[in-house]
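Quick notes on the structure that follows.
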Amino acid sequence: MHARAEASVADHLAAVARLAPLIAEQRQHFDRERRLPDAVFRALAEAGLFRLYLPKALGGPEFSPFDFMTIVEAASALDGSVGWLVGNGAGMSRIGGYLPADVVRSWFADPMVFIASATGAVGTAVEVDGGFRVSGRWPFGSGAHHATRFMGLASVKGADGKDGPSLCCYFDRAEVRVHDTWFVSGLRGTGSCDFEVADSFVPASHVHPLIDFQPTQAAVIYRLPALSAFPWTVSVVPLGIARGALDAFIALAGKKPRMGGGGQLRDGELVQAMVGRAEAAVRSARALLVEAMTELMTAVDAGGDRLVEARVLFRVACANAAESAARVVEMIAAAAGTAAIFETGTLERSIRDVQAAIKHIAMTPNSYVLAGRVSLGLPLGTTRF
C-alpha cells in the first residue's frame, strides 16, 4: 500500500467537499436503489474515507477520534447515508489495531476495502483446528452491497453447550449471503441489509475477542473499550445531519419570502432566534461529546471506577447528541414550512435520516438511566455500555 499517513484532516475535508457535486447528481438513486451507487462508493473509497483509523504503521492516517469526528460530520452534512457509511467503514479500519499486521495489510491493499459489521445478533462459533466454524445471521450490515469483508459477533460454544466469550469474526465476501431486507424510511442509501454465514471456517488470525482483546498498536484509539469505540463512529452522524439541515435552511431563508410581510424568511425575529437556538444546541451537544471522549481516553489508563464513570458519561453524551440533533432538525422543518416536505430537498431527507440514525442502540436514551444510577450511588446492573 502506498502510505496515506501524510494526508491531513484538511485534505480529507477537501475530498468530502469535492464529492458534493457527484453526491447531488447521484442522490436520486439513493432511495430507489436503497444503497449508494457504485460511482459514489468508489469515490468515497478512493478518497481514503473508509480508512481513517488505519494505523500509520500499516499505511493509514491513524486519525484521533476528534479528527475522525470532524470528517464524518462533514460527510454527514452532505448526506446522512454517506456519513453513516463513512463512519461505519472508517470505524472498522480500527481493526488495524487488533488483527495481525500481515492480515490487515492484505485486506487494505484493496483500495475498495470496506468491512460491514453487525453486533445486533450473536452467531455461534465452534473451535476447530486452526480457527472456528461459525454460523449466524446478523441485521443492519451497513454497506453490505459493497463490502469486501464482513464482521459478525459470535459466541464460542463450549463442550457443555454453554456460550463462551464473544468473538468478532471476519468473513470473506464469498462466504456471505446478503439478504435484501433494507426497506426503511431513513438512511435508505446505506443498504444496511442482513447477512448470513453457514458453517464458515474462520482462521484464528481473522478473529479477536470483543471485550478482552490485546491491541497490536499503541495509540489510545485501539485501547478504548470496544463498547465505547464503536458508538463514536455512529453517534457523530446525527450532528452532521443537523448541521447540513441548518446550512440548507440558512440558504433557503435568504431566498424565501416572509408570509404576511416584506423581506425574506431570515428577516423575522422568530426565525433568527430559531437559528440561534439551533446553533447553540448543535455546538453544546458536540462539546459534550468531545468532553466525554477526552475523559474516556484519559480514563482508559486509569481504569477502575474512573473508567466506569467515563464510559457512562460517554454513552450519555451519545444519547444527548442524538436527541439534540433530532430537535434541531424538527425546529428547522417547522420554520421551513412546505419547503421541508419535498423529496427533492435536503430538509425532507434530513428529517427521515436523523430519525433513522437516532434509533441506533449506541444512542439509546436508556443511557440516562445508567448515569442516574451512578449519581445516586446505585449498582449499574449491566455491563453493556
Side-chain angles (χ1 to χ4, degrees), residues 65 69 72 76 80 84 87-88 91 117-122 138-140 142 153 155 163 165-166 168 184-187 192 209-213 223-242 277 280-300 302-331 353-385:
M69 177 189 202
V72 174
S76 303
W84 191 264
N88 276 268
S117 63
T119 57
V122 181
W138 296 267
F140 305 111
S142 298
L153 192 64
S155 289
D163 289 337
S166 294
C168 296
V184 293
S185 56
L187 296 178
S192 301
L210 173 66
I211 304 297
D212 298 321
F213 56 87
R223 294 185 284 114
L224 292 177
L227 294 180
S228 299
F230 175 69
W232 184 259
T233 67
V234 293
S235 296
V236 300
V237 173
L239 290 178
I241 295 173
R277 287 192 176 94
V282 170
R283 290 173 182 268
S284 59
R286 190 182 197 277
L288 181 59
L289 267 181
V290 170
E291 177 188 342
M293 176 54 81
T294 300
E295 170 59 14
L296 181 64
M297 292 166 68
T298 302
V300 163
D305 290 343
R306 182 173 181 180
L307 179 56
V308 171
E309 292 174 7
R311 291 171 67 180
V312 171
L313 171 64
F314 172 72
R315 295 308 289 265
V316 165
C318 292
N320 179 68
E323 291 183 355
S324 298
R327 284 197 302 270
V328 165
V329 173
E330 184 178 349
M331 286 192 302
D353 285 351
V354 79
Q355 286 298 323
I358 67 173
K359 300 298 190 295
H360 196 284
I361 188 64
M363 295 165 266
T364 175
N366 291 340
S367 296
Y368 294 117
V369 175
L370 295 181
R373 293 182 71 86
V374 168
S375 296
L376 293 166
L378 297 171
L380 286 169
T382 180
T383 59
R384 295 287 294 179
F385 63 93

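No experiment lies behind these values; they were computed from the predicted model shown.
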Is a donor on one side and an acceptor on the other found under 3.5 Å between the side chain of [X] and the backbone of [Y]?
X	Y	answer
Thr298	Thr294	yes
Ser375	Gly372	no
Asp353	Leu187	yes
Arg315	Pro365	no
Ser284	Ala281	yes
Thr233	Phe230	yes

Let me confirm one number: the [atom1]-[atom2] distance from [X] to [Y], rounded to the nearest 0.5 Å.
X	Y	atom1	atom2	answer
Leu307	Leu224	CG	CG	9.5 Å
Leu296	Ser228	CG	OG	5.0 Å
Ile211	Leu227	CD1	CG	4.5 Å
Glu309	Glu295	CD	CD	8.5 Å
Ser192	Asn88	OG	CG	7.0 Å
Gln355	Glu330	CD	CD	7.5 Å

Looking only at heavy atoms, what is the nearest atom pair of [X] and [Y], with distance?
X	Y	result
Pro379	Arg373	O-NE, 2.5 Å
Val234	Met363	O-CE, 3.8 Å
Ala325	Pro238	CB-O, 3.3 Å
Leu239	Ala321	CD2-O, 3.8 Å
Cys318	Pro231	SG-CB, 4.3 Å
Leu289	Ser235	CD1-O, 4.2 Å

Side-chain heavy-atom pair [X], [Y] within 4.5 angstrom cut-off:
X	Y	answer
Val237	Val354	no
Phe140	Thr119	no
Met69	Arg286	yes

- Apply the test side chain to side chain contact (heavy atoms under 4.5 Å, CB included) to residues Ile361 and Asn366: give CA-CA distance (whole Å), side-chain angles for both, the deciding distance (0.1 Å), then the verdict. CA-CA 9 Å; Ile361 188 64; Asn366 291 340; 5.7 Å; no
- Message: side chain to side chain contact (heavy atoms under 4.5 Å, CB included) for Met331 and Val328? Distances and angles first, verdict last.
- Response: CA-CA 5 Å; Met331 286 192 302; Val328 165; 4.2 Å; yes
- Any side-chain donor paired with an acceptor under 3.5 Å for Trp84 and Ser142? yes
